[in-house]
Amino acid sequence: MKPRITVITLGVDDLEKSLKFYRDGLGFPTEGIVGQQFEHGAVAFFDLHEGLRLAIWKRKDIAFDTKLKLSAPSPTGFTLGHNVGSKVEVEDILEQAQRAGAVITVPGHDTFWGGYSGYFQDPDGHLWEVVWNPQWE
């Protein structure tokens, strides 16, 4: 298996609300919800960068498709990292996310390793870290 990820799918409870958050609030490009003609098929895709997409799909439909029991969401199961070019950009994105309806769990701050980061949760509790890493410039 080649170390390549092409789609990251987030399970959501309210597809329309999450679509609005990512499309209208964060400005992620999308064609909107597709697959509504199929039972358990409604999903929205967002182009992130070449070769990578973010998808939002109802948690109950993921459970159906994977034949797993629908479980309680856990915001500490993983984080999504969004690396930016400066401390100011971290603050700008955290503010944009908050205006879009995100909950800031950790405001922007200097990290112990020399960077700057903050965390927010989307409407379904998924954690995003917005981070500036001067070692990656």
Side-chain angles (χ1 to χ4, degrees):
M1 180 173 168
K2 294 181 181 178
R4 173 182 47 219
I5 294 175
T6 54
V7 178
I8 297 170
T9 303
L10 301 178
V12 302
D13 290 322
D14 185 330
L15 194 57
E16 291 286 342
K17 182 178 180 180
S18 292
L19 173 66
K20 184 177 178 182
F21 175 79
Y22 284 103
R23 180 192 61 205
D24 303 338
L26 297 185
F28 288 11
T30 182
E31 293 181 16
I33 297 172
V34 298
Q36 296 181 72
Q37 69 272 30
F38 305 109
E39 185 178 9
H40 306 290
V43 63
F45 295 99
F46 305 89
D47 292 322
L48 299 180
H49 58 78
E50 186 177 329
L52 182 61
R53 287 186 171 182
L54 177 71
I56 52 173
W57 196 17
K58 289 183 182 175
R59 289 179 351 94
K60 68 179 184 71
D61 294 334
I62 293 173
F64 175 84
D65 198 51
T66 61
K67 299 178 181 23
L68 295 172
K69 183 179 177 184
L70 181 64
S71 60
S74 172
T76 58
F78 69 95
T79 66
L80 296 165
H82 180 72
N83 285 279
V84 297
S86 69
K87 291 180 179 184
V88 170
E89 198 172 351
V90 169
E91 293 297 336
D92 290 346
I93 291 172
L94 289 173
E95 288 175 19
Q96 179 183 6
Q98 189 171 35
R99 284 192 309 271
V103 173
I104 305 301
T105 61
V106 179
H109 66 283
D110 291 313
T111 65
F112 69 90
W113 47 266
Y116 191 83
S117 76
Y119 285 91
F120 71 84
Q121 285 183 292
D122 75 2
D124 288 277
H126 300 110
L127 275 171
W128 284 77
E129 180 185 23
V130 183
V131 60
W132 168 67
N133 183 342
Q135 298 166 6
W136 285 8
E137 292 183 334

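Keep in mind that this is a model prediction, so the values were computed, not measured.
- Under the side-chain contact (heavy atoms from CB on, under 4.5 Å) test applied with His126, the options Leu10, Ile8, Ile56 reduce to a single match, Leu10.
- In this structure, CG on Asp14 lies 10.0 Å from CG on Leu19, to the nearest 0.5 angstrom.
- Of the possible donor and acceptor atoms, one in the side chain of Asp124 sits under 3.5 Å from a partner among the backbone N and O of Asp13.
- Note on Phe21 and Val34: separate hydrophobic clusters, where clusters join Ile, Leu, Val, Met, Phe, Trp and Tyr whose side-chain heavy atoms are under 4.5 Å apart, directly or indirectly.
- Taking CD of Glu89 as the start and CG of Asn83 as the end, the distance is 10.0 Å to the nearest 0.5 Å.
- Note: Leu94 CG to Ile104 CD1 = 4.5 Å, rounded to the nearest 0.5 Å.
- The CH2 atom of Trp128 lies 7.5 Å from the NE2 atom of His82; values are rounded to the nearest 0.5 Å.
- How far CG of Leu54 is from OG1 of Thr9: 7.5 Å, rounded to the nearest 0.5 Å.
- Taking 4.5 Å as the limit, every side-chain heavy atom of Glu16 sits out of range of all side-chain heavy atoms of Lys20.
- No more than 12 heavy atoms of other residues, nucleotides or ligands shown are found within 6.0 angstrom of CZ on Phe64.
- Proximity of a side-chain donor or acceptor of His40 to a complementary backbone N or O of Ala63 within less than 3.5 Å is not detected.
- Residues Leu80 and Ile93 fall within the same hydrophobic cluster, defined by Ile, Leu, Val, Met, Phe, Trp and Tyr side chains chained together at heavy-atom separations under 4.5 Å.
- Taking all atoms of both residues into account, the shortest heavy-atom contact from Pro134 to Gly114 is CG-O, 3.4 Å.
- Heavy atoms from other residues, nucleotides or ligands lying under 6.0 Å from CD of Gln37 number more than 12.
- The number of heavy atoms from other shown groups lying within 6.0 Å of CD1 (Ile5) does not exceed 12.
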Given Trp57 and Asp65, is the side chain to side chain contact (heavy atoms under 4.5 Å, CB included) satisfied, shown in steps? CA-CA 11 Å; Trp57 196 17; Asp65 198 51; 3.5 Å; yes
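- Each of Phe46 and Val7 belongs to its own hydrophobic cluster when Ile, Leu, Val, Met, Phe, Trp and Tyr are linked at side-chain heavy-atom distances under 4.5 angstrom.
- The two residues Leu26 and Phe120 come nearest to each other via the heavy atoms CD1-CZ, 4.4 Å.
- Using bins of under 30°, 30° to 60° and over 60° for the plane-to-plane angle, the ring pair Phe28/Tyr22 lands in the tilted bin.
- Of all heavy-atom pairs spanning Ser117 and Thr111, the tightest one is OG-CG2, 3.6 Å.
- The hydrophobic cluster containing Val106 also includes Tyr119, Leu127, under a criterion of side-chain heavy atoms closer than 4.5 Å among ILVMFWY residues, counted directly or through chains of members.
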Please step through side chain to side chain contact (heavy atoms under 4.5 Å, CB included) for the pair Val131 and Val90, ending with a clear verdict. CA-CA 6 Å; Val131 60; Val90 169; 5.6 Å; no
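- Taking all atoms of both residues into account, the shortest heavy-atom contact from Pro75 to Gly125 is CB-O, 3.2 Å.
- In this structure, Arg59 places its CZ atom where more than 12 heavy-atom neighbours from other residues, nucleotides or ligands lie under 6.0 Å away.
- Shown here is Trp113, whose CH2 atom has more than 12 heavy atoms of other residues, nucleotides or ligands within 6.0 Å.
- Pairing each heavy atom of Gln36 with each of Ala42, the nearest pair is CG-CB, 3.9 Å.
- We find the OG1-CZ distance between Thr6 and Arg53 to be 9.5 Å, quoted to the nearest 0.5 Å.
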